Amino acid sequence: MTTTGINGNIGDPFVNFKGFQHALGIAYYRLGDFRKAIEYHERHLEISKEMGDRAGEGRACCNLGNAYYSLGDFQRAIEYHERHLKISKEVGRRAGEGRAYCNLGNAYDSLGYFQKAIEYHERDLKISKEMGDRAGEGRAYCNLGNAYYSLGDFQRAIEYHERHLKISKEVGRRAGEGRAYCNLGNAYYSLGDFQRAIEYHERDLKISKEVADRAGEGRAYGNLGNAYLSLGDFQKAIEYHERHLKISKEMGDRVGEGKAYGNLGNACDSLGDFQKAIEYHERHLKISKEVGDRAGEGSAYGNLGNAYRNLGDFQRAIEYHERRLKISKEVGDRAGEGRAYGNLGNAYYSLGDLQKAIEYHERHLKISKEVGDRKGEGSAYGNLGNDYHSLGHFQKAVEYHQRLLKFSKEVGDRAGEGSAYGNLGNAYFRLGDFQKAIEYHERDLKISKEVGDRAGEGRGYGNLGTAYHSLGDFQKAVQCYKNSVTTFDHIRGNLISNDEWKITLKSTYDHIHLRLWELQFKEGKVIEALLTADQGRAGALNDLLESKYGLKGLRPQIGTLSATPSDFAGYLPPNTVFMGITEGGIVLWVNDKVKEIKTRRTVIDISTYLNITTYFQRLLETTREEIGLKADVNCEDRSLRNPSDKQLADERSSEPRSNSSSFEETKSLQTLYNVVIGPIRDLLDGDQIVIVPEGPLCLAPYAAFMDMNSKYLCETFRIRLLPSLSSLRLIQDCPADWHSKTGALLVGDPWVQEVTTLEQLAWAEKEVQMIGKIIHTVPLVGKQATKDEVLRRISSVALVHIAAHGEMETGEIALAPNTTSSSGNPPREEDYLLTMRDVLDAQIRARLVVLSCCHSARGEVKSEGVVGIARAFLGAGARAVLVSLWAIDDKATMEFMKVFYQELVHRRSASEALNKAMKSMRESDDFSAVRYWAPFVLIGDDVTLEFEGIN
């Protein structure tokens, strides 16, 4: 009895070795290691030639062509597939001939020669029909569907994929059935029918699981992720892409892993988390280079370019798109070349170089027409329309958007049709034809609803609101604005607990909140305007607090706001000042001494500034200069990383000013007082003021605002800040036993020498030792201040004081590395870096957190407020946080903390203790200058602490 090997009799070692090379090549190909696959297929080819085995030679050429195709080297793939075709014809292998036509069609499709691809797939179909090869016939229909998909003819693509599906079911090919569902899902996705796309991808997923096709399962997860992303369900999209990534890693599928990273990057890009997007796209790029996947490399460069464009780094975006263009030209990918030109045009558009943008978009249009890329042609028309819109050529913009609309209708691209309607609406709005603008925006909105595009729905309502606003139909405008905000809030709710994504998403509809409350205010609905403005503040922080305190549903929705002044009586303290920045100035709401809401509006001349934000940024910069922040100070640098703001880096660069307070040195402080406090001074009474700031004014030194009599604001009032009115209500409504009543954790100068190049902080250790003596608590210092020990204690104390290296924007704090870290290996970041995720998981129950790190009040200013370390601790559960706007002298910090804690132990509230400490420093000989006592800011509730063993 003889036993056959892979390609012959086991007794023929040469034949068996040839089969072994073939099998290894196939195995490495399936693993995504295409370079290794090529090595073995080349050995197979060499042996087949030596043996005169023409059929084996043809198979080797076929497999080499497939490997080079997967590497993105389409020209070389074509060479091998043509050799396979030639050999198949010579030896009369019709099946091989059909397979060669199939592969050649796929290669030309990837190069953007879609009509040529169709010709080859039709030859494959003809041969399959002649041979009665139903499986081959189904394969040909599948590839024809893909080619028409590439052409942008999605309806014809669907027809072919349905034929493939029918045949797969008839011959019982479950894998082919799954592939057909996959392709149908992609076609309906491109038509903008995301719900039907999801149905087909779920069928593909079900079949892949049934036949244990892990690669198909991963593919289905990736496609489902893309569909849910387009629906605005970002959380689900991320989950599916992560599943795809997990499967790819398990299988060792490096190409699949790279694609999953690319899709995750696109998801983060859509969420506005561009830094995270860049991380994922760089991983995709790295993998593509490692496996030699030129197509993947080009795609990664393109995605990186888009992410940097969204970040505002347009020059770097251009560099990446030019790299993608270079690769597309090298591999002969005409469609990819066109897309690269399109993206370059978008980058130059963002730079304001509209002429160059037009040049690149016209190149994209030309190539799209040459290769028959209908979708690319439509995209180019849309971009050209936007270019001419920005040039003020609105009629020409209309012409291009009409062409996009025509193409979208022809191919059944509902999403593209909606986009065209939206752009036409914007163009007619600028032409002053508000009625026609409304008609187009309503069509855009209708399509967004039909396809389930929640983000498009939110934008549609916003555009309609703007159009109705301009027409003077304020009632309809208000309703549209409310619908827009409600829709975007729904999307934000789908992000569950991902705080960063919620913050970045919120920035996309800030302007809608602004227009809504401004319009409500203009109509005299001042309380409703206040509630709307407050709903636009600290939304992600409030989500954290609701979840933390178990108060879900406490905040009213925008569409149901109907509060009266009496609704504030229970939780707003007197002298609460809510600030709303508009294009022309500030609106101020004040809860006065009898708990009635009064309003004042300040008009500011910003004619010499770009906008109101620029005005306040410049005013604060001047203020910092006037009070001497750029003077040399004897201060430890407690920053974990270099400050991102150049101004921060320059704080020690110039000569110190005098401690005196001349008119010139305090002019900006007086301007700030006149703008913010002056208009409402007659409404303020008592000895405290609670401020809900906005924009750049979140970083203003309110304590040092100076009136016309040269009196500082802190000489009259105790001052604290709030992220929002809702935040205060959530804090006050939290369970009575949530926050700890006693106990303190003091952390100073953790040992960081073995993990970073940072210097030790001798003054930080002195600071916590001094505080420890006042409150009778032994601090954690040096090597004792490990991450594990800090986390063990942080959830059970009423007071947390940290004097260490901290990152102002991300909230990371460097602690001593855990003693449990891997023996013999250097500590990893997770062994010593305290992140806000760590803090959130630890359940902070402190009544007060004092962050004695450089610039601990700083961070990125968004509608959320200042997104930095202070906000993170509030979101983690702290009732109040004391932070600093800038670094001050070490001795001054010691003096401040000494008085502050001495007041706290005498049962003073945090705001009282802060006020007393400032007063003490103002009256001292050494630290009377504003720069020494004004940076300290209390954010949150006005807490009082109990210290055990101290009367």
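In this chain, residues are counted from 1 in sequence order. All heavy atoms count here, side chains included; hydrogens, waters and symmetry mates do not. This structure is a prediction, so every number in the text was calculated from the model and none was measured.
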[Y] and [X], any side-chain heavy atoms less than 4.5 Å apart:
X: Val768; Y: Val781; result: yes
X: Leu746; Y: Leu780; result: no
X: Thr786; Y: Leu815; result: no
X: Ile802; Y: Val850; result: no
X: Met894; Y: Asp890; result: no
X: Val937; Y: Leu721; result: yes
X: Leu620; Y: Leu672; result: yes
X: Arg847; Y: Ser740; result: no

Output a table of donor-acceptor pairs, distance under 3.5 Å, between side-chain atoms of residues 908-915 and any protein atom two or more places apart or on a different chain; print 'none' if there are none.
| from | atom 1 | to | atom 2 | distance (Å) |
| --- | --- | --- | --- | --- |
| Arg908 | NE | Glu903 | OE1 | 2.9 |
| Ser909 | OG | Ser911 | OG | 3.3 |
| Ser909 | OG | Glu912 | N | 3.3 |
| Ser909 | OG | Glu912 | OE1 | 3.2 |
| Ser909 | OG | Asp942 | OD1 | 3.2 |
| Ser909 | OG | Asp942 | OD2 | 3.1 |
| Ser911 | OG | Arg718 | NH1 | 2.6 |
| Ser911 | OG | Asp942 | OD1 | 3.1 |
| Ser911 | OG | Asp942 | OD2 | 2.7 |
| Glu912 | OE1 | Ser909 | N | 2.9 |
| Asn915 | ND2 | Cys714 | O | 3.0 |
| Asn915 | ND2 | Phe717 | O | 3.3 |

Within residues 831-851 or reaching into it, pairs that qualify as ring-ring contact (aromatic ring centres under 6.0 Å, His included) - sequence neighbours excluded: none

Roughly how far, to the nearest 0.5 Å, is [atom2] of [Y] from [atom1] of [X]?
X: Met921; Y: Phe927; atom1: CE; atom2: CZ; result: 6.0 Å
X: Ile719; Y: Leu938; atom1: CD1; atom2: CG; result: 10.5 Å
X: Leu945; Y: Leu848; atom1: CG; atom2: CG; result: 5.5 Å
X: Ile689; Y: Ile677; atom1: CD1; atom2: CD1; result: 4.0 Å
X: Lys773; Y: Ile771; atom1: NZ; atom2: CD1; result: 12.0 Å
X: Leu516; Y: Asn483; atom1: CG; atom2: CG; result: 10.5 Å

Row check, Trp738 ring normal vs Arg845 NZ/CZ: under 6.0 Å, within 45°: yes

Under the rule for side chain to side chain contact (heavy atoms under 4.5 Å, CB included), what residues qualify as partners of [X], not counting sequence neighbours?
X: Ala846; answer: Val800, Ile844, Val849
X: Ser727; answer: Ala538, Leu541, Asn542, Leu545, Pro723, Ser724
X: Thr576; answer: Leu572, Pro573, Asn591, Val690, Leu725
X: Arg515; answer: Thr466, Tyr481, His511, Ile512

Identify whether the distance between the nearest side-chain nitrogen and carboxylate oxygen of [X] and [Y] falls below 4.0 Å.
X: Asp749; Y: Lys766; answer: no
X: Lys711; Y: Asp707; answer: no
X: Lys787; Y: Glu829; answer: no
X: Arg537; Y: Asp534; answer: no

Candidate pair Asp489 and Thr486, rule side chain to side chain donor-acceptor pair (under 3.5 Å), full reasoning: CA-CA 5 Å; Asp489 280 346; Thr486 301; 5.8 Å; no

Pairs touching residues 789-805 that satisfy salt bridge (Lys or Arg N to Asp or Glu O under 4.0 Å), sequence neighbours left out: Glu789-Arg792, Glu789-Arg793

Pairs satisfying salt bridge (Lys or Arg N to Asp or Glu O under 4.0 Å), at least one member in residues 874-886, at least two apart: Arg879-Asp941

Thr532 versus Gln520, side-chain donor and acceptor atoms under 3.5 Å: yes

Side-chain donor-acceptor pair present, Glu767, Ser852, cut-off under 3.5 Å: yes

Between [X] and [Y], is there a donor-acceptor pair closer than 3.5 Å when you use the side chain of the first and the backbone of the second?
X: Asp831; Y: Pro817; value: no
X: Arg907; Y: Glu946; value: no
X: Ser884; Y: Trp886; value: yes
X: Glu694; Y: Ile581; value: yes
X: Glu715; Y: Tyr712; value: yes
X: Asp733; Y: Leu730; value: no
X: Ser484; Y: Gly458; value: yes

All ring-ring contact (aromatic ring centres under 6.0 Å, His included) counterparts of Trp517, not counting sequence neighbours: Trp589

With sequence neighbours excluded, residues passing ring-ring contact (aromatic ring centres under 6.0 Å, His included) with Phe616: none

Candidate pair Leu745 and Leu799, rule side chain to side chain contact (heavy atoms under 4.5 Å, CB included), full reasoning: CA-CA 6 Å; Leu745 170 64; Leu799 169 69; over 6 Å; no

Chi angles and distances behind the side chain to side chain contact (heavy atoms under 4.5 Å, CB included) call for Ile527, Ile597: CA-CA 8 Å; Ile527 301 302; Ile597 302 296; 3.6 Å; yes

Residues which pass side-chain hydrogen bond (donor to acceptor under 3.5 Å, both in side chains) with Lys598, listed by chain and number, not counting sequence neighbours: Asp592

Arg600: side-chain hydrogen bond (donor to acceptor under 3.5 Å, both in side chains) partners, not counting sequence neighbours: Asp682

Check: Phe705 ring centre within less than 6.0 Å of Tyr673 ring centre: no

Criterion side chain to side chain contact (heavy atoms under 4.5 Å, CB included) on Gln902 and Lys916, from CA distance to verdict: CA-CA 10 Å; Gln902 286 174 340; Lys916 293 279 187 182; over 6 Å; no

Worked check of side chain to side chain contact (heavy atoms under 4.5 Å, CB included) between Thr582 and Arg601: CA-CA 10 Å; Thr582 72; Arg601 184 168 198 148; 3.7 Å; yes

